[in-house]
Every structure is written in C-alpha cells, then in structure tokens.
Amino acid sequence: MTAQLIDGNALSRELRAQVAQRSTALKERGVTPGLAVIQVGENPASQVYVRNKVKACADAGLHSVLEHYPADLSEAALLERIAALNADASIHGILVQLPVPAHIDAQKVIAAIAPAKDVDGFHVVSAGALMTGMPGFLPCTPYGCMKMLESIGYELRGKHAVVIGRSNIVGKPMALLLLQKNATVTVCHSATRDLKAFTLQADVIVAAVGKRNVLTADMVKPGAVVLDVGMNRNDEGKLCGDVDFAGVKDVAGFITPVPGGVGPMTITMLLVNTLEAAERAASLK
Ligand code: GUN
C-alpha cells in the first residue's frame with residue numbers, strides 16, 4: 001500500500017465533537033437543534049441509513065424524531081406531514097429518506113420542504129444557491145468529500161478533478177463544489193466513451209456510480225487522490241465501494257476506504273447542516 005488513507009471515522013469524530021459543543025452552546029440559549037427523519041416503506045438499506053442518522057443525532061446532543069410510515073402512505077398525507085413539520089418550531093431540519101415508493105413523486109416531496117429546513121440540500125432553492133455561489137445547504141455527501149480534501153490540506157486550484165456519476169445527490173453538486181475551488185472539472189457518466197482516458201489525467205477522482213470496480217488501478221495516475229462514494233456489496237456480501245481498493249491503493253496518493261470513508265462523513269455533514277439550521281433560526285428569533 002502506497003496511498004495514505006483518509007479516515008472518515010476519525011474526521012467524523014472530530015467534526016461531531018464540534019457539533020456537540022455548538023449544540024450545547026445553543027441549548028444554553030434555549031434552542032435544542034431538532035431533526036425530523038421521514039421514512040416511507042421498508043427499503044432495507046434506508047432502514048440502516050435512517051437508524052444511523054437518528055443515533056448520530058443522539059450522540060451529538062441533537063433532538064431527532066423518526067417518522068416511519070407504511071409503503072402505502074399517500075403522497076397527499078406525506079405532503080401534509082411535511083407542511084406540519086415546516087411549521088414546527090422545535091424542528092430545524094427535515095429529511096425524507098430516498099427512495100420513496102413509486103406512487104410518490106420525490107421531486108414534489110423535496111419541493112414541499114421549507115428551504116430553511118432543507119438539511120439534505122436537495123431543494124431547488126439549495127441547488128440553485130450552490131450553482132450561483134449563494135449561501136445555502138450543501139448536499140451532505142459532496143460536502144463531506146470536500147471536508148475530506150480539506151483535511152489533507154489539498155489545494156484544488158488548477159488541478160484536474162474527474163467526477164464519475166452525475167446524480168443530483170452526489171455527482172452534479174460535487175462537480176460544482178470542485179469548480180468553486182478552482183479545479184478544472186470533468187463529469188463522466190454512463191455514456192462516457194473511454195472513461196480511462198479521462199481518469200488517467202485526473203489529480204482527483206470522485207467515484208459516485210453505485211457499481212463495483214468502476215475504477216481500477218490501471219485507470220489511476222500515480223499519486224492521485226481517490227474518493228469512493230460507492231456503497232455496494234461484493235460476492236461475499238461484504239460492503240464495498242465503486243473503487244477496486246485492493247488495486248488502487250498501490251497507485252493512488254490518498255484513498256478513502258469503504259466502509260469508514262465517505263459514509264460516516266455524509267451523516268456528519270447532516271449533523272452540521274442541522275446545527276447550522278438551528279443556529280440560523282435562533283439568531284432570527
Ligand atoms: N438516499 C440515499 N442517500 C440519501 C441522502 O443523502 N439523503 C436522503 N434523504 N436519502 C438518501
């Protein structure tokens with residue numbers, strides 16, 4: 001192994017301790033930061049994510065409520081719940097775990113969340129703010145990736161960053177954040193011809209596709225920084241990312257592991273956003 005590990009658990013511990021401190025300070029001013037997490041249906045992966053989010057809140061001294069509804073909850077009923085949470089002063093962040101069942105329009109649900117409580121950063125107001133460089137909530141996974149780059153003191157200016165994946169949740173906002181830091185950014189996706197030709201030029205690679213072995217050692221420039229956003233299972237049922245870690249670790253300069261890399265950072269940035277939402281609400285009081 002030549003690459004240095006970027007440890008998402010260690011960085012998360014540091015950042016979550018800061019959240020806990022700020023949360024204590026806010027409570028002394030009479031405001032307890034509160035997050036509402038809504039899950040609709042029984043998606044097993046969602047179950048795990050939601051449980052981890054609620055536990056992370058408790059550990060950092062944030063109040064959270066988990067609302068778990070059956071898969072046949074109507075869209076109208078969900079929108080009604082969101083409206084009630086928008087008006088609830090004890091709740092500063094609202095998160096609807098995706099995916100939602102097919103009969104519910106996810107875009108409509110996200111649009112119903114008050115932008116001031118959009119701690120997932122998925123609302124068009126948040127996306128537009130990121131696009132135009134205005135203040136707003138950043139989506140947690142790309143935000144966490146930027147914190148990981150910051151933690152190794154990486155200077156992005158003038159570097160070539162290649163993002164593999166173009167989702168609204170990771171790929172697109174990731175590209176915008178890298179651009180904001182003056183990197184030259186290439187976004188590759190399922191229709192990209194000759195992915196390797198792009199990744200071999202990259203100083204930074206963010207793999208966010210949701211497929212194993214999208215990035216192998218022969219596709220990486222020696223010394224490159226590799227961030228693995230993937231959450232997959234291998235043939236033995238073990239958690240793995242989009243990157244062939246065993247091979248790439250011998251070529252890259254820095255690499256994030258799965259598990260223990262980007263995953264915990266996503267939850268950490270959700271706590272940061274929730275705290276930020278509560279601090280903004282408190283200063284408006
Ligand atoms: N599903 C997969 N990732 C996420 C996320 O970051 N937030 C929400 N709400 N749903 C997700």
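Counting convention: from 1, in listed order, for ligands and their atoms alike. Scope of the values below: all heavy atoms of this structure, side chains included, with no hydrogens, waters or symmetry mates. Here the structure is a predicted model, which means the values were calculated and not measured.
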Practice task
Run through ligand 1 for me and note each protein residue having a heavy atom under 4.0 Å from it, chain first, then residue number.
Solution key: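 For ligand 1, the residues that come within the 4.0 Å heavy-atom cutoff are K53, L95, V96, Q97, L98, D120, F122.
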
Practice task
Please determine if R22 and E276 form a salt bridge, counting it only when a charged side-chain N lies under 4.0 Å from a carboxylate O.
Solution key: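 Salt bridge between R22 and E276, a charged N being under 4.0 Å from a carboxylate O: yes.
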
Problem - Ion pair check, D88 and K117, cut-off under 4.0 Å - result: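 No, no charged N to carboxylate O under 4.0 Å.
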
Problem - Heavy-atom closest contact (V100 atom, V96 atom, distance) - result: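 Heavy-atom minimum between the residues: CG1-CG1, 3.8 Å.
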
Handout entry: For M219 against L195, the heavy-atom pair lying closest together
Key =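 That would be CE-CD2, 3.6 Å.
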
Handout entry: Heavy-atom donor-acceptor pair, H189 side chain to G165 backbone, under 3.5 Å
Key =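 No, because the side chain of H189 does not come within donor-acceptor range (under 3.5 Å) of the backbone of G165.
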
Practice task
Answer yes or no: are there more than 12 heavy-atom neighbours, outside E80 itself, under 6.0 Å from its atom CD?
Solution key: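 No.
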
